[in-house]
Amino acid sequence: MITAKAPWKDCMGDVPMHLDYFEGTMCQAIEKMAETYPNQVAFDFMGKSTTYQELVENIRACAKSLKAMGIRENDKITIAMPNCPQSIYFFYAINMVGGICNMIHPLSAEKEIEFYLNESQSVMAITLDQFYGKFARIRSNTKLSNLVIASIKDALSPIMQVGYALTQGRKIKKIPADAPVVRWKDFLKQGSIVTGDYRIARKSADPAVILYSGGTTGTTKGIVLTNRNFNALGAQIVATNPMFRPGDKMLAAMPIFHGFGLGVCIHSMLFNGGRCILVPRFTPKTYAKDLVKHRCNFIAGVPTLYEALLRLPDMEGADLSCLKGVFSGGDSLSIELKKKFDKFLYDHKATIQVREGYGTTETVTACCLTPTHIYKEGSIGLPFPDTYIKIVEPGTDKELPYGEEGEICLAGPTVMLEYVNHPEETANTLESYTISSVIYNRLYRWGDTPSFLGIDAAIIYALGEHKEELTYADLEIDSPYNTYKYKGLPPAPIANPGLASFKAALNPEKTGFALKELDFVNFEGVDSCCYVWLNGQFVGYNQGSHSTGEFEVTDKLVEGTNTLGVLVLKWCDGTYWEDQDKFRTSGIFRDVYLLRRAVNHLWDYFVN
């Protein structure tokens with residue numbers, strides 16, 4: 001039995017170790033806020049404000065329509081939308097009628113959308129008109145009964161609708177009049193026939209949301225999260241930010257289909273009476289413009305976004321004294337970038353510093369956050385209230401002293417319910433956990449490959465992830481702007497010009513590979529590009545972050561220890577900014593391994 005101490009408890013400052021959590025559903029929490037602050041603005045979208053009372057009225061109207069269309073308890077409904085009002089209404093309405101929200105990226109490829117729909121067994125989906133074609137082409141391969149089509153135009157004021165129709169609206173391909181879809185306005189009319197009780201009584205522990213994560217091996221898994229997971233996060237976010245007040249504004253640019261965007265930027269704000277500035281798509285320039293225009297109090301982003309803001313001439317002279325909190329997550333925040341951005345905040349009249357969060361989708365998003373009163377270089381702060389972290393010997397339940405490196409075990413109210421359709425992985429990841437007589441039903445053992453963590457005087461340091469294929473020693477990170485020793489996986493190239501180099505040892509005998517046939521070194525994911533050397537000989541160059549980089553090294557591999565050298569560049573002519581995930585995954589973010597093939601093997605194929 002694993003027990004848990006909390007050596008950080010005396011360092012929590014004004015943040016309590018324990019909280020009382022709302023024992024209801026997510027939509028009930030929003031209704032509670034509407035009762036408390038009916039006329040307060042819940043969110044702004046492209047110039048139009050919606051109050052909490054209006055928000056709840058729209059959620060209820062949407063819930064009635066879902067009921068009229070036959071949605072039953074535990075039905076899965078896919079939301080493939082950006083941050084816009086229809087996404088918010090649909091999300092909480094599904095929760096109100098007892099359904100489960102399946103959140104996916106609207107820019108996903110057709111086959112990815114097909115996978116998400118089938119993996120979740122979704123019976124309904126909502127997407128924007130501009131993405132109709134993708135769904136139409138794969139719909140017959142799924143169990144989708146209804147497809148609701150929304151438009152950005154539907155959420156705009158009359159004047160903005162005219163402007164949208166003359167600009168962005170003209171670029172969208174028209175949907176055939178006889179297409180088997182339900183338009184947003186027609187969808188809302190369906191609810192008029194519902195006269196009885198359309199709500200389904202649900203508990204806080206019931207499944208509510210599915211988010212997707214590739215994990216460290218790139219194997220996509222659906223993560224089932226409960227009402228309690230999201231509501232607990234909402235309570236923890238405010239507890240760790242006591243400066244928050246109802247009505248404070250959050251720039252909600254991180255996407256709703258990601259735990260960071262949905263959990264922190266949207267639900268945690270609405271759960272506490274905050275005001276979301278919904279941003280459907282953004283560039284660093286538009287992000288900066290919205291920040292200054294709306295006088296936002298809180299912003300959340302990834303390191304690459306903050307690095308881009310530093311270079312924007314538009315930010316010169318901007319007054320950021322309105323900021324109460326700046327959060328960084330989704331990737332490691334380098335010490336150098338933190339220092340630069342903290343100075344940037346100070347130079348623009350802000351009185352706060354950037355604070356780093358740490359966590360995974362299995363805990364909705366973050367489970368640790370840099371406190372306001374303590375900071376140590378390279379740390380990720382303190383666990384949230386009621387969140388316990390324990391270090392064990394990898395692959396065992398043998399506890400290690402705090403301060404040593406080992407596998408992370410985590411318990412708390414935000415830990416997921418299960419993986420979709422992966423009972424074996426769920427069983428390997430979760431187990432019962434008792435802490436100080438408090439029983440947590442779930443324990444999350446971190447990762448497809450063991451992650452490592454150290455604790456020094458209560459402050460937590462994430463040291464990267466351990467890979468069995470490669471043995472990493474102290475690595476030299478060589479950059480004109482960033483030179484230091486790093487232990488663990490090679491870090492993402494953060495500094496401008498954004499490059500990082502490392503050396504690692506390969507041993508073919510240890511991994512079972514013989515020096516015969518053809519040997520390859522495979523990189524499953526490197527963003528944005530990399531140059532590779534083996535034993536001092538140049539092997540090749542690869543770019544395309546989500547395509548496997550494969551290098552034949554048969555004539556360069558020697559018996560015993562081989563030295564693999566890699567130079568990773570953050571930017572190249574193949575770099576593209578798709579969304580938050582692209583900001584997050586700069587660097588080597590998937591497995592690196594040796595692969596042997598027969599001399600005669602299938603190399604490529606074509607379909608004519």
* What heavy-atom pair brings G222 and I210 nearest, and what distance separates the two atoms? -> CA-CG2, 3.9 Å
* Between atom CD1 of I266 and atom CG of L278, what is the distance when rounded to the nearest 0.5 Å? -> 6.0 Å
* Answer whether the closest heavy-atom distance between the side chains of T414 and F230 falls below 4.5 Å. => no
* Is there a side chain to side chain contact (heavy atoms under 4.5 Å, CB included) between N421 and E119 once you walk through the steps? -> CA-CA 7 Å; N421 302 328; E119 183 76 353; 3.5 Å; yes
* To do: Could you walk me through whether K48 and M160 pass the side chain to side chain contact (heavy atoms under 4.5 Å, CB included) test, one step at a time?
  => CA-CA 9 Å; K48 184 178 180 181; M160 289 290 286; over 6 Å; no
* Structure fact -> Closest heavy-atom pair, L233 versus A366, reported as atoms and distance to 0.1 Å, is CD1-O, 4.1 Å
* Structure fact -> Separation between OG1 (T365) and NE2 (H258), nearest 0.5 Å, reads 7.0 Å
* Face-on cation placement of K221 at Y419 ring, 6.0 Å and 45° thresholds -> yes
* **H105 side chain to L107 backbone, donor-acceptor under 3.5 Å** => yes
* Asked: Are side-chain heavy atoms of V224 and T426 found at a separation under 4.5 Å?
  -> no
* To do: Only pairs at least two apart or in different chains count here, so list each salt bridge (Lys or Arg N to Asp or Glu O under 4.0 Å) that has a residue in residues 271-281.
  => D44-R275
* When you look at T127 and Y132, which way does the side chain to side chain contact (heavy atoms under 4.5 Å, CB included) test go after all the steps? -> CA-CA 7 Å; T127 193; Y132 162 75; 5.6 Å; no
* **L369 side chain near N241 side chain, heavy-atom distance below 4.5 Å** => yes
* Asked: What pair of heavy atoms forms the shortest contact from L188 to S65, and how long is it?
  -> O-OG, 3.2 Å
* Asked: Does E112 use its side chain to pair, donor to acceptor, with the backbone of A109 at less than 3.5 Å?
  -> yes
* Asked: Would you say the side-chain atoms of N272 pair up with the backbone N or O of G274, donor to acceptor, closer than 3.5 Å?
  -> no
* Report yes or no: does T286 contribute a side-chain atom to a donor-acceptor pair with the main-chain N or O of F282 at less than 3.5 Å? => no
* Where is the tightest heavy-atom contact between A239 and P385, given as atom of each residue plus distance? -> CB-CG, 4.3 Å
* In Å, rounded to the nearest 0.5 Å, how long is the span from CD1 of I71 to CG of D75? -> 5.0 Å
* To do: Consider only side-chain N and O atoms of E524 and Y593, and report whether a donor and an acceptor are under 3.5 Å apart.
  => yes
* Take atom NZ of K67 as the centre, draw a 6.0 Å sphere, and report whether it contains more than 12 heavy atoms from other residues, nucleotides or ligands. => yes
* Asked: What orientation do F271 and F22 show, parallel under 30°, tilted 30 to 60°, or perpendicular over 60°?
  -> perpendicular
* Within the side chain of S204, is there an N or O that forms a donor-acceptor pair under 3.5 Å with the backbone of E23? -> no
* Asked: Are the side chain of N118 and the backbone of E114 linked by a donor-acceptor contact shorter than 3.5 Å?
  -> yes
* **Residues Y92 and H267: side-chain donor-acceptor under 3.5 angstrom** => yes
* Structure fact -> So CG of N146 and CG of L66: to nearest 0.5 Å the spacing works out to 10.0 Å
* Are any of the side-chain heavy atoms of M124 and F90 separated by less than 4.5 Å? -> yes
* Minimum heavy-atom separation for N231 to G24, with atom names? -> ND2-O, 3.2 Å
* State, with a plain yes or no, whether a side-chain heavy atom of I79 is found less than 4.5 Å away from one of F91. => yes
* To do: Determine the minimum heavy-atom distance between C27 and N95, stating which atoms define it.
  => N-OD1, 3.0 Å
* To do: Ignoring hydrogens and angles, tell me if any N or O in the side chain of N83 forms a donor-acceptor pair with the backbone of M254 under 3.5 Å.
  => yes
* **Side-chain (N102) to main-chain (I77) donor-acceptor, under 3.5 angstrom** => no
* **Test item: D386 side-chain N/O and P413 main-chain N/O as donor-acceptor pair under 3.5 Å** => no
* Taking the side chain as every heavy atom from C-beta outward, state whether Y116 and M103 have any atom pair closer than 4.5 Å. => no
* In Å and rounded to the nearest 0.5 Å, what is the OG1 to CD distance from T363 to Q236? -> 9.0 Å
* Asked: Out of curiosity, C265 SG to F298 CZ, how far, rounded to the nearest 0.5 Å?
  -> 11.5 Å
* Can any side-chain N or O of K76 pair as donor or acceptor with the backbone N or O of G99 at less than 3.5 Å? -> no
* To do: Could you walk me through whether E110 and R137 pass the salt bridge (Lys or Arg N to Asp or Glu O under 4.0 Å) test, one step at a time?
  => CA-CA 8 Å; E110 290 172 19; R137 286 186 285 273; 2.5 Å; yes
* To do: Just do the side chain to side chain contact (heavy atoms under 4.5 Å, CB included) check on V364 and F260 with the steps written out, would you?
  => CA-CA 8 Å; V364 185; F260 201 3; over 6 Å; no
* Under the side chain to side chain donor-acceptor pair (under 3.5 Å) test, which residues partner E73, sequence neighbours left out? -> R202
* Any luck finding a side-chain donor-acceptor pair between E362 and T360 under 3.5 Å? -> yes
* If we ignore angles and hydrogens, is there a donor and acceptor under 3.5 Å between the side chains of D154 and S151? -> no
* Begin with the C-alpha distance, continue with both residues' side-chain angles, and end with the deciding distance and a verdict on salt bridge (Lys or Arg N to Asp or Glu O under 4.0 Å) for K64 and E57. => CA-CA 11 Å; K64 288 181 180 180; E57 288 172 358; over 6 Å; no
* Asked: Are I104 and Y212 side-chain neighbours, meaning at least one heavy-atom pair lies under 4.5 Å?
  -> yes
* Asked: Any side-chain heavy atom of I172 sitting closer than 4.5 Å to one from F131?
  -> no
